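Predicted, not measured: the structure shown is a model, and the values here were computed from it. Residue numbers begin at 1 in each chain, while the letters A, B, ... track the order of the sequences.
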2 protein chains.
Amino acid sequence: MKRNTWQREAVRTALNERGDFISAQKLHTELKAEGSTIGLATVYRALTDLVTADEADALQSPEGENLYRACSSDGHHHHLICRQCGHTEEIEAEAVESWAAKVAAEHGFTQPRHVVDVFGLCRECTLSP
Amino acid sequence: MKRNTWQREAVRTALNERGDFISAQKLHTELKAEGSTIGLATVYRALTDLVTADEADALQSPEGENLYRACSSDGHHHHLICRQCGHTEEIEAEAVESWAAKVAAEHGFTQPRHVVDVFGLCRECTLSP
DNA sequence: ATCGGTATTGACAATCATTCTCAATAAGCC
DNA sequence: GGCTTATTGAGAATGATTGTCAATACCGAT
């Protein structure tokens, strides 16, 4: 059975208010700064729960941290990330989904996961570097 | 001044012979298994050196490990990577290429690069874990 | 409203990849 | 061979994440 706790709710709303990608560590620090007594482990648990519930998505920063963000659209999707300013946009990748699954199957691979992210320079950063 | 040591050479040739993506940890274990006395820290140092010298590629697995591979100078392609044994198969992704370029352009992004890799369990690892 | 089983929490320990430290070693130049 | 100093290796340190487990609190049933 799944229970609703104020801790999970706190993580969910914190993510929604923020909009940007944020690390679990930083989120925990901010919550504590606001007076919350939530534990670090709980933040991690809440975040992974949100990801599996498709309410948030996760990606790895080049530094090896996991970053989380509230998902605006539901379902599985990918990102277009500016490598200058970090701005991200969600992109649909229906074609890529089925392609990944097909290719994996053709080579005898099971349990496919994929990493599909496009890095570039966004409009602003293209104009003023 | 830059010096040539058998350790760096060992890492370079191990990467070249292998062709697959491999983690620093696993590479170190294999070298030790072959009787080498190389240290783990040295393997890390050699790998990052190779990457900065453009002799190797690095990417992050979904598990947060850094994987390294000798740079095949020929063309651009993608990978199907076993997250158990590290076996890699190259895959054609013509469809993905054009898709990435198109999506980037639609959102005003320039200079698109993309990360498209599929992780799974290969045939052998699916059968005997 | 309260009771009880159990999902969830939080403090802390444990883990895992990676980096740092520093004395000892060895590469390259004389 | 001898000197200088980049490089090494063993272990400690770091930093993110996950596991442990007793205490807590959610929620359906009473």
Of all pairs that satisfy salt bridge (Lys or Arg N to Asp or Glu O under 4.0 Å), the ones with a partner from residues 41-50 of chain A, not counting sequence neighbours: A/R8-A/D49

Contact under 4.0 Å: A/Q7 side-chain N or O vs C/dG10 OP1/OP2: yes

Distance, rounded to the nearest Å, where B/N66 contributes CG and D/dA16 contributes P: 15 Å

A/L27 CG - D/dT17 P separation (whole Å): 12 Å

For atom CG of A/L59 and atom P of D/dA16, their distance in whole Å: 16 Å

C/dG10 phosphate, OP1 or OP2, under 4.0 Å from A/T42 side-chain N/O: yes

Pairs under 3.5 angstrom, nitrogen or oxygen only, protein versus nucleotides 10-15 of chain D, please.
none

A/L31 CG to C/dG10 P, straight-line distance once rounded to whole Å: 11 Å

Nearest-Å distance for atom pair NE2/P, residues B/H28 and D/dT8: 13 Å

Test side-chain contact (heavy atoms from CB on, under 4.5 Å) applied to B/E89 - qualifying residues, sequence neighbours left out: A/H107, A/F109, B/L80, B/H87

For atom CD1 of B/I22 and atom C1' of C/dA17, their distance in whole Å: 15 Å

Length of the line joining A/W6:CH2 and D/dC26:P, which is rounded to integer Å: 10 Å

Residues within residues 47-55 of chain B bordering DNA chain D, heavy-atom distance below 4.0 Å: none

Pairs under 3.5 angstrom, nitrogen or oxygen only, protein versus nucleotides 27-30 of chain D, please.
residue, atom, partner, partner atom, Å
D/dC27, OP1, A/N4, N, 3.0

Degree of bending, the helix from C/dA1-D/dT30 to C/dC30-D/dG1 (end axes from five pairs; round to 10°): 30°

Distance test, side-chain N/O of B/Y44 to OP1/OP2 of C/dT19, below 4.0 Å: no

Length of the CZ-C1' vector between B/R8 and D/dG9, whole Å: 14 Å

